[in-house]
A.B. asks: 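For reference, the structure I am asking about is given below.
Bear in mind the structure is a predicted one, so any value in this text is a computation, not a measurement. What's counted below: heavy atoms across the whole structure, side chains too, no hydrogens, waters or symmetry copies. In what follows, chains carry the letters A, B, and so on, assigned in the order in which the sequence lines appear, proteins first and then strands, with residues in each chain numbered from 1.
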2 protein chains.
Amino acid sequence: MNPTIVDVARVAGVSTATVSRVINGISRVEPVTKKRVEAAIEKLRYRPNILARGLMKSRTDSVGILVTHIVNPYHMSIVHALERRLAAHGVFCYLCNSGDDPEQEDRYARELIRRAVDSLIVIEGAHSDSPDAVMYSTLAGDVPLILVNEHVALDIRAHIVRCEQETGIREAFAILAASGRRRVVLLNGTGHYSFDLKRRLLSEFVESNGLDPADNPVITISCPNDTESVHEAAGIAAALVRGPNPPDAIFAANDMMAAGALQGLLETGVSVPDDVAVVGVDDVIIARITRPKLSSVSLRTEEIGRETAETWVRIRDGVLTAPARVVVHSAFIERETT
Amino acid sequence: MNPTIVDVARVAGVSTATVSRVINGISRVEPVTKKRVEAAIEKLRYRPNILARGLMKSRTDSVGILVTHIVNPYHMSIVHALERRLAAHGVFCYLCNSGDDPEQEDRYARELIRRAVDSLIVIEGAHSDSPDAVMYSTLAGDVPLILVNEHVALDIRAHIVRCEQETGIREAFAILAASGRRRVVLLNGTGHYSFDLKRRLLSEFVESNGLDPADNPVITISCPNDTESVHEAAGIAAALVRGPNPPDAIFAANDMMAAGALQGLLETGVSVPDDVAVVGVDDVIIARITRPKLSSVSLRTEEIGRETAETWVRIRDGVLTAPARVVVHSAFIERETT
DNA sequence: TTGAAAGCGCTAACAT
DNA sequence: ATGTTAGCGCTTTCAA
C-alpha cells in the first residue's frame, strides 16, 4: 500500500493539516517543522493521491484533448504543438481519440469531465458540423471548452480557435489561374464544412475566370481521410487524364489524395506540373516526400497549437470576458507541382 | 453544482446505498425501487463522480498509454490498433506523450499512476535502452506494466510485447543479395537498440556474401525521426551516387529516410531499382506514397496492437502466472524499389 | 504556527 | 431487499 498523508504526519510527528500545508505551500509553517515534514515525505516516498485531492478541490491541473483521428498527421501536428506549450505550464494532457464517431466523442468528452479535467479541448470534433452543436453547448456549461477548427454557430459559449482555409485556397486557385489552367478537377470528400468550402471556392474560380463548369467537375471520394484514398485518387487521376476531357490541374482536398493523384498522373506518363498541376491541402509531411514535391495549402498547425495554448492561459487567468474567437490564416505553399 | 448520489437518493426516496447498488448492478434490488432510482438519475442527469469512486475502489477502468512520439505514424498506428480493442472492453484510454524525454516519461508515468490508471502501457519508451531499466522495474511494482517494443533485460517484472526486426531485415537483405547487390549503404540512426541491430545485420550480410566492408558503409543521421531527415537522406543519397564508389542499394533504418534517399537518387537521374535499390523499415503510409513505392520491413502495428490488448485482458483476468513475453514477427514487404 | 475535526462523493460491510 | 454507517486520502475551516 502506498503511504498516505497520515503516515507522513505520524513519521514527522505533526498533524495531517500541517503536512497538507507543506505540500501545497499554503500559509506559513515553521521552517523546522517544514524540514521534518519534507524529510518524512522523502523517507516514505510519499506522493499525494490525486483522486482524493481532486475530490476536495475539484481541480486536477489537467486538460483533456479530444481528437477525431489519431493517425491523421495534420491533427497530431496540432496536438504536438499544443501539448508542448501546455506541458510547459505544468499541465497534464490527456489525449483521447474519438475515431470520428460522434457518439464516442460524446462519451469520451463526458468521461473526461467526470474525471475532472479542468478544461476540454476538442480538435475538429465529429460534431463540428451539426448546426446547433447542442452537445458542445451543454459541454461548455460543465467545463471551459476550446473548439479547434470547428465551424459551429458563433453564439455558442465555447471558445473557438480555427484556421480559415479561404485565404490559402484562393491563393492556390490564383496561381493555377496565372499559369493558365482552365480545367481544374476537385478531388473532394463529403460531409464536412471544409469540403463544402472547397466546392464553393472552385465555383468562384470558375466564374471569375469565365470558365466552363463542365470542365471543372468535383469528384467525391468516399473516405478521404483513409489511406485507401491514395489508391482511389491515383486511379481517378489516371482515368481522367486518359479520358475525353483531360484536366490541366487537380486540386485535392487533402495531401493524401493529392499524393495519390500525383502517382496516378505520373504513371500514365503525363508531366507534372507541365501538363497537369497538382495542389493539396494540409501541408503535412507527405507533401515533402512525393516527387515532385507537392504544392499545398498550409493550415498552420504550429500557430493553431500556439493560439490554443494561449487561449487556455487566458481562460485560466480569467482575463477573458467573452468567448474567444481566434482565427489563424492559411497560406499556399508553392513547391513543385504547380 | 453537479448532483450527487445523495440528491438522487433523496429524489428517489431511498438510501445512497441503494442508489449505489442500482448504479453498479450489484446485489438484488426490487424492480420497483430500481425504476424509481433510475428515474431520479435520469431526472437529475446524475453522473457518478469518478474521483470519489476511484478513491473507494482504487480502480478506474482506465489505462494509461505512454508514447514517445505523437507525430510518429508508426507509433500512432500501434496506438490506433490497441485503443480500438481496449475501448471495446469499455476501458478508458489516456494517451500521453513523453516527447522522447526520459525525465518527462518518468513524470508522466508516475502522474498516470497517481491518477489511478489500472495499468500502464509504454510504447517504445525513452528508457527502453537503459540496461537495467530500473525505472520500469519500480513502475511495475505499482501497477501492471506492459512494455511495447522495448528491449530491456528479460528478468524485469513488466510484461513485454515486441516485434522482432531480424526476420524482416534478413529477408530484405536476402532479396538484395538475390538481385546481386554488393554495395549496400546503411542510413542509420544512433542511440537505440534497433539501430545497433541494423548495423549488426548489415555486417552479417557483408560477411555471409563475402563482400567488402568498405563498399557497405554505415552513415549515421542525427535526427532520424525528424522530418528533416528526409532532406538529409536525399542529400546523402545524391552525394553517394555521384561519388567514387556508388552503392547499388540503400537500406534506410526507417521509411522517412528511405523516402528521402529515394528522392535524392531520382533527382540525380539514377534508376530505381535498376541502378540502385532502396529499402525502408516501418512500412508506414509513406511507403505507399512515394513513386516507385517503397519496399519496406513491416513491423506489424496491427498485430502488436492486438497482442498488447490481449495481454491486457489476460492481466485483468488474472490468468497470467508469469510476466508475458510476446514476440510478433516482422516481414519484408516488397514493392517497387527492390 | 499548529491541531482537531468536518467533510468532498462514493462504496461496502454490517444491520435490520 | 434496504438502510446505517464507517471510511477511502485529502483539504480546509475553526480553535487553540
Side-chain angles (χ1 to χ4, degrees), chain A residues 1-41 44-62 110-111 113-118 142, chain B residues 1-41 44-62 92 110-111 113-118 142-143:
Chain A
M1 213 50 196
N2 283 330
T4 74
I5 199 168
V6 179
D7 300 318
V8 176
R10 189 163 20 74
V11 169
V14 297
S15 75
T16 60
T18 300
V19 177
S20 177
R21 287 183 188 112
V22 171
I23 295 168
N24 295 289
I26 198 161
S27 91
R28 281 257 158 285
V29 40
E30 199 75 24
V32 199
T33 39
K34 187 173 171 186
K35 281 270 172 284
R36 281 222 311 284
V37 170
E38 280 164 349
I41 289 175
L44 297 176
R45 312 177 86 257
Y46 165 76
R47 297 277 130 202
N49 180 317
I50 304 264
L51 267 47
R53 171 180 287 175
L55 188 54
M56 269 309 290
K57 321 222 298 187
S58 44
R59 249 204 40 225
T60 55
D61 298 316
S62 59
R110 308 228 147 268
E111 196 75 12
I113 291 174
R114 288 167 60 198
R115 287 174 200 250
V117 294
D118 297 336
D142 291 345
Chain B
M1 214 50 196
N2 283 330
T4 75
I5 200 168
V6 179
D7 300 318
V8 176
R10 188 163 22 74
V11 170
V14 297
S15 74
T16 61
T18 300
V19 177
S20 177
R21 286 182 189 113
V22 172
I23 294 169
N24 295 289
I26 199 160
S27 92
R28 282 252 160 288
V29 39
E30 199 74 26
V32 200
T33 40
K34 187 173 171 185
K35 281 270 171 285
R36 280 222 313 283
V37 171
E38 281 165 348
I41 288 176
L44 298 176
R45 311 177 87 260
Y46 165 75
R47 297 278 127 201
N49 180 317
I50 304 264
L51 267 46
R53 170 181 288 174
L55 187 55
M56 270 307 292
K57 322 223 295 187
S58 45
R59 251 203 42 224
T60 54
D61 298 316
S62 59
F92 196 76
R110 309 229 146 267
E111 195 76 11
I113 291 174
R114 287 167 63 199
R115 288 177 199 248
V117 293
D118 297 337
D142 291 345
V143 74

A.B. asks: Within this structure, what is the NZ-to-P distance between B/K34 and D/dT2, rounded to whole angstrom?
C.D. replies: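 Answer to the nearest Å: 11 Å.
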
A.B. asks: Look up atom CZ in A/R110 and atom CZ in B/R47, then write down how far apart they are to the nearest 0.5 Å.
C.D. replies: 8.0 Å

A.B. asks: Under the side chain to side chain contact (heavy atoms under 4.5 Å, CB included) test against B/R53, which residue among B/I5, B/D61, B/I23 passes?
C.D. replies: B/I23

A.B. asks: Of B/R21 and B/R47, whose closest DNA chain C nucleotide lies nearer the 5' terminus?
C.D. replies: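 Comparing both residues, the 5'-ward one is B/R47.
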
A.B. asks: Kindly say if B/N49 contacts the phosphate of C/dC8, meaning a side-chain N or O under 4.0 Å from OP1 or OP2.
C.D. replies: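 Answer is no, no contact under 4.0 Å.
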
A.B. asks: When rounded to the nearest 0.5 angstrom, what is the spacing between OG1 in B/T16 and CZ in B/R21?
C.D. replies: 9.0 Å

A.B. asks: Under 4.0 Å from OP1 or OP2 of C/dC10: is there any side-chain N or O of B/S20 that close?
C.D. replies: no

A.B. asks: So, do B/N49 and B/T4 sit near enough that their side-chain heavy atoms are less than 4.5 Å apart?
C.D. replies: no

A.B. asks: If I take atom CZ in residue B/R10 and atom P in nucleotide D/dT2, what distance separates them, rounded to the nearest angstrom?
C.D. replies: 20 Å

A.B. asks: What is the distance, rounded to the nearest whole Å, between atom CD of A/E30 and atom P of C/dG3?
C.D. replies: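 One finds 11 Å between P of C/dG3 and CD of A/E30, rounded.
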
A.B. asks: Under 4.0 Å: is that the gap between some side-chain N or O of B/T33 and OP1 or OP2 of D/dT2?
C.D. replies: yes

A.B. asks: In whole angstrom, give the distance that lies between atom CG of A/L51 and atom C1' of C/dC10.
C.D. replies: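 Going from A/L51 (CG) to C/dC10 (C1'), I get 11 Å.
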
A.B. asks: Which nucleotide wins on minimum distance to the side chain of A/S15, given the candidates D/dT4, C/dC8, C/dA4?
C.D. replies: C/dA4

A.B. asks: Expressed as a whole number of angstroms, how long is the span from A/I5:CD1 to D/dT11:C1'?
C.D. replies: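 Rounded to the whole Å, the gap is 8 Å.
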
A.B. asks: Select from B/T16 and B/A52 the residue whose nearest nucleotide in DNA chain D is closer to the 5' end of that strand.
C.D. replies: B/T16

A.B. asks: Can you measure A/N24 atom CG to D/dT13 atom P for me and round it to whole angstrom units?
C.D. replies: 13 Å

A.B. asks: Nearest to the side chain of B/P48, which nucleotide is it out of D/dG9, D/dC10, C/dC10?
C.D. replies: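 The answer is C/dC10.
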
A.B. asks: What is the distance from CG of A/L44 to C1' of D/dG9, rounded to the nearest Å?
C.D. replies: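 One finds 15 Å between C1' of D/dG9 and CG of A/L44, rounded.
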
A.B. asks: Check whether any side-chain heavy atom of B/D7 lies under 4.5 Å from a side-chain heavy atom of B/R10, and answer yes or no.
C.D. replies: yes

A.B. asks: Below 4.0 angstrom from OP1 or OP2 of D/dT2, is there any side-chain N or O of B/T18?
C.D. replies: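 B/T18 to D/dT2 OP1/OP2: no side-chain N or O under 4.0 Å.
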
A.B. asks: With sugar-phosphate meaning primed atoms plus P, OP1 and OP2, does B/T4 contact a base, only sugar-phosphate, or nothing at under 4.0 Å between heavy atoms?
C.D. replies: sugar-phosphate

A.B. asks: Taking atom C1' of C/dG9 as reference, at what distance in whole Å does atom CG of A/L55 sit?
C.D. replies: 6 Å

A.B. asks: Of all the nucleotides listed (D/dC10, C/dC8, C/dA12), which has the minimum atom distance to the side chain of B/M56?
C.D. replies: C/dA12

